[in-house]
Each structure stands twice: as structure tokens, then as C-alpha cells.
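Chain letters run A, B, ... following the sequence lines, proteins first, then strands; residues in each count from 1.
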2 protein chains.
Amino acid sequence: MNASRTARERVRAELIKEITDIARRHLATAGAPGLSLRAVAREMGMVSSAIYRYFPSRDDLLTALIIDGYNALGEAVERADAACAAGDFTGRWLAVCRAVREWALAHPHEYALLYGSPVPGYAAPQDTVAPAVRDTAVYGRIVTDAHRAGRLVPPPICPPPPAVLAEDAEVVRSLMPGVPDDVVTRAIAAWTGLFGMVSFELFGQFNNTITHRAELFDHNVTCLGRLLGLPE
Amino acid sequence: MNASRTARERVRAELIKEITDIARRHLATAGAPGLSLRAVAREMGMVSSAIYRYFPSRDDLLTALIIDGYNALGEAVERADAACAAGDFTGRWLAVCRAVREWALAHPHEYALLYGSPVPGYAAPQDTVAPAVRDTAVYGRIVTDAHRAGRLVPPPICPPPPAVLAEDAEVVRSLMPGVPDDVVTRAIAAWTGLFGMVSFELFGQFNNTITHRAELFDHNVTCLGRLLGLPE
DNA sequence: TGTGATTAGAGAGCACCGCTCTTGACGTAA
DNA sequence: TTACGTCAAGAGCGGTGCTCTCTAATCACA
């Protein structure tokens, strides 16, 4: 009973993997709006309706791709961080930034799915929340480690954050325990700045303007790291 | 001859305006992928094919909406800047940032069209370039004015930009003449940081995390302004 | 003022989409 | 052997962008 059931389950799991693989390939060429269940089915030699046995709707297929995307990006970021000396906080920050950018450049449509305009009518289910913070968790560890090592010295150029932000800071602090509010808000600024850079480059805002994008990126995220208080 | 021709032309212009208005309304509810020529035609009491008399393709309609969007945002930014005292550079920067954010919050799908994931298969024609830099031009004037007034004092926390960025800086400098490379790169960082903040908020990255978004936004763009060297 | 040229909308039609429903084949457990 | 759950197939619904042809209105000019 168990053997036969797992046999079926195994075929099912393989088909699901094949579907998501093909869907990811289609996503990479046509983008999220152009992702078509029928086209995926055609490529699998299936009839379109058969896909619904595996994904009850197009949105569920999208959800699977989103979760895979967050995990892939998170893994890339984790790998980049792990390759650095634990005490080289500036190096870890730069490595994480580069990992984000390089993953985004290699998978532009997946990045757009994660950090670009939301797909209209699609509401991300709860399953996407955990993988979504994998990269941010790495970032939080870097900030925490640097802070604990006493190497996080924010330059005194920002006003203190308004008191009302304390409760939001408390939530973010779950990713960087013990870090003071001022650093938390700077950390948010640096993180959003990183994704602002990547999005600008990827979404075409640098067209006809910036040619040395890697160099500009490195330089700017370095500045953001300094703003955050990372050592030189 | 002229009068009659303009009569026809006038009707045509009015119809074009009506089409784009309806399209913009549809865009505001269904987003770019959901923008449907047929739905627009239906609402106008026309048959779908009639729209093609005015816009040869869906892409041309999108282009019109993009140009209108850039102009609307640019105008909002210009108005916000003009409402400030010319010598209050920090106030002008904050006003511009707020104008961008508020326009984006009021027109999320239009913002997504301009600064979100590019529409797959759509290539922005040259007509969109000029309106696209209207907001950036205002920003450039603020930086230039502050620099000329000697009020732009970048804190010495960033390394000097690598020499290879000089040629890109030269291009950007057309918007902020006379400003040194170091400030140009910081200006880019602040500008991308601004849009990173807006995009994160609008595209859902702050969900379940940040509740006092206006306050965080104000605080963070203020930090970015300080990084740029704007006075307190 | 009448006429030929131009422009407009209507409608049918093509190929595609996501999605739903029913039908029949198949393997498995009782 | 029978009964059940799973699955592929296919038809069909209403929608999409876009093209084509046909007719009606409008315009420019003789």
C-alpha cells in the first residue's frame, strides 16, 4: 500500500518539478504576465486541463515560482555571506549586495516577480512569507554581528529617529536583536537603497546614462554601508 | 480648409483624450497587464476595432499612458519644489521626496508602469525619454543650487568614487552642472534610495513590518539628504 | 452644389488565453 | 469482482490583441 502510493506520489512530484521548471523557463522569456498554463502544458505534451491536476490555478503556479525564487535568492545570499570571514562585516555586506545584484541580473524576470510591480489580482499566500525573508535574515545577522563586535559606528549625520518609529523598529529588531533604533532605521535605508539600485538598473532607469554599473553599484552600496556605520 | 480640418482633428483629439482617460482609469484598477483595448472600447460604446483608428496597437496606448504618467509625476514634483523657499535646499529635497511618494501612493499602477517591472515585449520609444527626466531635472536643480550656494557639504564617510565612473558622472552632470564626481555618485545613491523606499512600500515589501510609513520615509530620505551633504 | 477622395465605425474572424465541466480509462483496495 | 479515487482528454465559456472587409459619414475641391 505504502510502496504503491509513494510510487504514484513520486511520479506526481516529478511532474510538478517538470512543470515548475518549464514555467520558470517561460517566465524567463515572457515575464509573469506572459506565463501561460497552456504553453507549459503544450511543452509537456499534456493537454492544458491536465495541469490543473497539479496546480489548481495559475496563481498557485505563480506562488510556487515565487517561493522558489525567494529561496534561490536567499541561498545565493547565504552562500555569498558564508564565503566571507565572519569578522569582515564590510566585506560581508558588499558580498551580500553583489549576490543580490548578480542573482537579479541572472534572473531578471524572477527578480521582477519578487521585487517588481505586484501581479494584479494576485495575493501572496502565507507560504511565501518565510522564504521571503531569507536574504533579509542574512543581512540582519551581519548587522547584529557587527553591532555585537562593537564595529558598528553610525556616523553622526542623521537626526534621531522619531519616537513613533520605535514600535516598527521592534518588529525589525527580530532580525537584528539588540540593535538600537537609530541603527535599525539606517539598516532599513541601506537595504531599500540596495534594492533601489538593483531595480533601477534592471528596470531600465539607468539606460542611456550609466555604463559602468558594477562599479557604481559597488561604490554606492559601500556608501550605504558607511551610512549604516560599517567600518572602512 | 483649416477650420474644417481642425474640426475633424478636434473630434479626433477629444476621442484620443477620452480613450486615454478611460484607459488610465482601467489601469488604476486592473494594472498594466489587465489593460484591455476591448474593455476601453466597450466603455466608450465603440467596437474594439475602432480603437485601432486612434492607437495602432496596445503598446501605443501604453506609451501614451507612460508619457502622461511621467508628466504628471514631473509636474507634481515641480509644484512641490516651487512651493519651497529657493534657499531651503533640505526642505526642497524633502518636498520632492514627499511629492514622489504621494503621487505614487495616489497612482500606484501608474507608478508601477513607470518604475516597476517593465512590461514584457514592450520597448519604450524615444518619446518617453524627455518626460521621464522631468522629476530628475528638478532634483538636479536642487543639488546644483545647493552646491552653488556652498551649502552642499558631503560628510567624509564615503571613499572617493573610482576613476572609471567619471564618464558616467559626466552624463549625469548635465542635470547638475558643476557638481563634483563624488557628489554626483552620492546624488545617484540618494535618488535610487528614494525610489527604493517608495517601491518597497508600494510593492508590498513593508507589509506586516512597517506601519508608520510616512514617518519612516521622511526620516530615511532625510538621512539620504545628509549623506548627499544637504544642510541640517 | 455635387462629386470623388478620405476617414470613420461596424462586424466577422483568427489564434490565443485562463478556467470549468463532463467523460472515460486506469490502478488499487475491499 | 466490485467500488472508488485519480487522472488525461476534450469540449466549451468568455475573454484577449489584432486584421480584414464593408458601409456610412465627412471633407476638399471643381
Check: Toward the 5' end of DNA chain D, which comes first, Ser48(A) or Arg53(A), by nearest nucleotide?
Finding: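 Result: Arg53(A).
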
Is [X] near enough to [N] that one of its side-chain N or O atoms lies under 4.0 angstrom from OP1 or OP2?
X        : N       : value
Tyr52(B) : dG17(D) : no
Tyr54(A) : dA8(D)  : yes
Arg12(A) : dT6(D)  : no
Arg38(A) : dC19(C) : no

Contact class for Leu61(A) (heavy atom, under 4.0 Å): base, sugar-phosphate, or nothing?
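No contact.
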
Once you apply a heavy-atom cut-off of 4.0 Å, does Ile51(A) come out as touching a base, just sugar-phosphate, or nothing? nothing

Measuring only between side-chain heavy atoms, which start at C-beta, is Glu110(B) closer than 4.5 Å to Trp103(B)?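 Yes, close enough: below the 4.5 Å cut-off.
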
Whole-Å distance between [N] [atom2] and [X] [atom1]?
X        : N       : atom1 : atom2 : value
Met44(A) : dA9(D)  : CE    : P     : 11 Å
Leu35(B) : dC17(C) : CG    : C1'   : 16 Å
Asp60(A) : dG18(C) : CG    : P     : 14 Å
Leu15(A) : dT6(D)  : CG    : P     : 16 Å
Glu18(A) : dA8(D)  : CD    : P     : 12 Å

- Query: Can the ring centroids of Tyr115(B) and Phe203(A) be said to lie less than 6.0 angstrom from one another?
  - Reply: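 For Tyr115(B) and Phe203(A), the ring centres are not under 6.0 Å apart.
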
Ring centres under 6.0 angstrom apart (Trp191(B), Tyr139(B)):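 Yes.
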
Checklist entry - Strictly by modelled atom types, are Ser117(A) and Tyr111(B) linked by a side-chain donor-acceptor pair under 3.5 Å? => result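 Tyr111(B) and Ser117(A) do not have a side-chain donor-acceptor pair below 3.5 Å.
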
Q.
Between Asp60(A) and Ser57(A), is there a side-chain donor-acceptor contact under 3.5 Å, judged purely by atom types and distance?
A.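 Yes, a side-chain donor-acceptor pair sits under 3.5 Å.
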
*asked:* Could you check whether the side chain of Ser49(A) and the base of dA9(D) have a donor-acceptor pair of N or O atoms closer than 3.5 Å, going by distance alone?
replied: yes

Closest to the [X] side chain: [options]?
X        : options                  : result
Arg42(A) : dA8(C), dG11(C), dC17(C) : dC17(C)
Leu37(A) : dG11(C), dA8(D), dG18(C) : dG18(C)
Ser36(A) : dA8(D), dG18(C), dC19(C) : dG18(C)

When Arg58(A) and Met46(B) are each assigned the nearest nucleotide of DNA chain C, the 5'-most assignment goes to Met46(B)

